[in-house]
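Index from 1, following the sequence.
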Amino acid sequence: MIASIDCMDWAWKNCPVALHGQYKGKEGKPTIVLEVCASQDTYVWHCFFGCPGSCNDINILDRSPFINDIVQHNILGGQWSLAGKEYVMGYLLADGIYPDWTVFMKTISQPQTSKEKHYAKVQESLRKDVERCFGILQACWQILVNPCRLWDAESMSNVITTCIILHNMRIRARSSHAELQNDFENLYTQESLQETAGFSRIQSERNFSKACEDRMGIRNALIHYEMRNDLIDHLWMTRGDNVE
């Protein structure tokens, strides 16, 4: 698991009346949506802002450059094994609305067995990382809490991008101690990933055929369910004696 992905709405108070129908969604008022991919320490690795509030997470994912970055730059590429199977790409934790792709690992809305209930509990608890990130952003910058009084979406994008950059700077500043800084800088290095999670980065030549193959592989629902079943069994075997 690399990080968690989710979306947050920012209310737009001074949205032009002509755009109310486009930007008014489930919130009942005009909003603009922020898509964020955050790791366990709430560090933001990807953000995309500008979609109207009438779009759901799937519409935003279609507009976002995130999947193109995965295909073109192989940002989730890596080798790791689970239940005797080799995988060549990491995954993100997401909620139920996201599609059944290999890069997303979702919870089970209605778990039936003890294994599925344990998996859903672990997945939902770890996916709170991105929710904590949203909470920290709103707690540190009050402008993200109140409805925005700017007149154009581009200025709002500049504001929220600045807040995210400052947030990431604060995360790095916490690791100013020499020992902590060394751990932070080596968090995603090949050696540490091999030692901690059995995950090693791979570098492969990228061409058009390879990109098309990777894009089709990302949308493979069969691999998604196979990986989820393997994770369910793995979590159940490693749950510990104190879990019923």
Side-chain angles (χ1 to χ4, degrees), residues 1-6 37-43 45-46 57 61 66-67 69-132 183 186-206 210-244:
M1 188 273 287
I2 305 299
S4 303
I5 187 171
D6 205 355
C37 180
S39 55
Q40 186 177 9
D41 57 356
T42 70
Y43 191 90
W45 297 95
H46 158 78
D57 292 4
L61 182 65
F66 186 56
I67 298 299
D69 291 340
I70 294 176
V71 174
Q72 295 177 6
H73 304 293
N74 200 24
I75 59 176
L76 295 182
Q79 293 178 341
W80 59 286
S81 60
L82 180 65
K85 299 179 182 178
E86 296 290 337
Y87 295 96
V88 295
M89 185 172 294
Y91 61 88
L92 309 171
L93 297 183
D95 56 16
I97 193 175
Y98 282 86
D100 298 333
W101 293 354
T102 58
V103 294
F104 300 127
M105 197 53 57
K106 307 183 297 182
T107 186
I108 301 176
S109 58
Q110 295 180 344
Q112 302 297 323
T113 65
S114 299
K115 290 183 178 181
E116 293 179 350
K117 292 178 181 179
H118 178 62
Y119 164 81
K121 179 180 178 181
V122 174
Q123 196 274 353
E124 292 170 6
S125 63
L126 293 177
R127 200 182 62 84
K128 297 299 182 182
D129 296 338
V130 67
E131 301 292 346
R132 291 192 298 113
D183 294 340
N186 296 330
L187 183 61
Y188 295 101
T189 61
Q190 181 173 348
E191 293 78 6
S192 61
L193 288 169
Q194 288 176 339
E195 294 175 358
T196 58
F199 184 90
S200 59
R201 295 289 181 183
I202 57 175
Q203 298 293 336
S204 59
E205 296 182 359
R206 312 296 296 172
K210 180 62 176 176
C212 293
E213 181 182 347
D214 291 345
R215 187 176 293 274
M216 294 299 297
I218 289 174
R219 299 172 181 266
N220 193 323
L222 179 61
I223 299 179
H224 165 82
Y225 287 111
E226 289 180 354
M227 185 188 303
R228 192 183 72 176
N229 292 334
D230 290 339
L231 286 172
I232 291 174
D233 294 336
H234 173 73
L235 290 174
W236 183 253
M237 290 188 296
T238 59
R239 69 191 187 283
D241 297 333
N242 59 338
V243 179
E244 298 181 357

S.K.: Please list, one pair per line, the donor and acceptor atoms closer than 3.5 Å that link side chains of residues 85-100 to other protein atoms, with sequence neighbours excluded.
M.R.:
residue, atom, partner, partner atom, Å
Tyr87, OH, Asp230, OD2, 2.9
Asp100, OD1, Lys106, NZ, 2.5
Asp100, OD2, Tyr225, OH, 2.6

S.K.: Looking at Asn220 and Leu222, what are the two nearest heavy atoms and their distance?
M.R.: OD1-N, 3.0 Å

S.K.: Among Ile232, Leu231, Leu235, whose side-chain contact (heavy atoms from CB on, under 4.5 Å) with Val122 holds?
M.R.: Leu235

S.K.: Which atom pair, heavy atoms only, marks the closest approach of Pro111 to Ala120?
M.R.: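 So the minimum-distance heavy-atom pair works out to CG-CB, 4.4 Å.
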
S.K.: I'd like to check the side-chain hydrogen bond (donor to acceptor under 3.5 Å, both in side chains) partners of Arg219; sequence neighbours left out, ordered by chain and number.
M.R.: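 By the side-chain hydrogen bond (donor to acceptor under 3.5 Å, both in side chains) rule, Arg219 matches no residue at all.
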
S.K.: Could you pull out the closest heavy-atom pair between Thr102 and Met227, with the gap in Å?
M.R.: O-CE, 4.0 Å

S.K.: Quick one: which residue pairs count as a side-chain hydrogen bond (donor to acceptor under 3.5 Å, both in side chains) with a foot in residues 123-132, not counting sequence neighbours?
M.R.: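 Output for this query lists Asp6-Arg127, Thr107-Glu124, Asp129-Arg132.
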
S.K.: In Å, rounded to the nearest 0.5 Å, how long is the span from OG1 of Thr238 to NE2 of His118?
M.R.: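 Between atom OG1 of Thr238 and atom NE2 of His118 there are 6.0 Å.
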
S.K.: Hey, what's the ring geometry for Phe104 with Trp101, parallel, tilted or perpendicular (30° and 60° as the breaks)?
M.R.: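 Parallel, since the angle between the ring planes stays under 30°.
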
S.K.: Kindly indicate whether the side chain of Trp45, heavy atoms from C-beta on, has any atom under 4.5 Å from the side chain of Ile2.
M.R.: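 No, their side chains stay 4.5 Å or more apart.
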
S.K.: Can you sort out the partners of His224 under ring-ring contact (aromatic ring centres under 6.0 Å, His included), two or more places apart, ordered by chain and number?
M.R.: none

S.K.: Might you work through the side-chain contact (heavy atoms from CB on, under 4.5 Å) test for Tyr119 and Glu116, ending with a clear yes or no?
M.R.: CA-CA 5 Å; Tyr119 164 81; Glu116 293 179 350; 5.6 Å; no

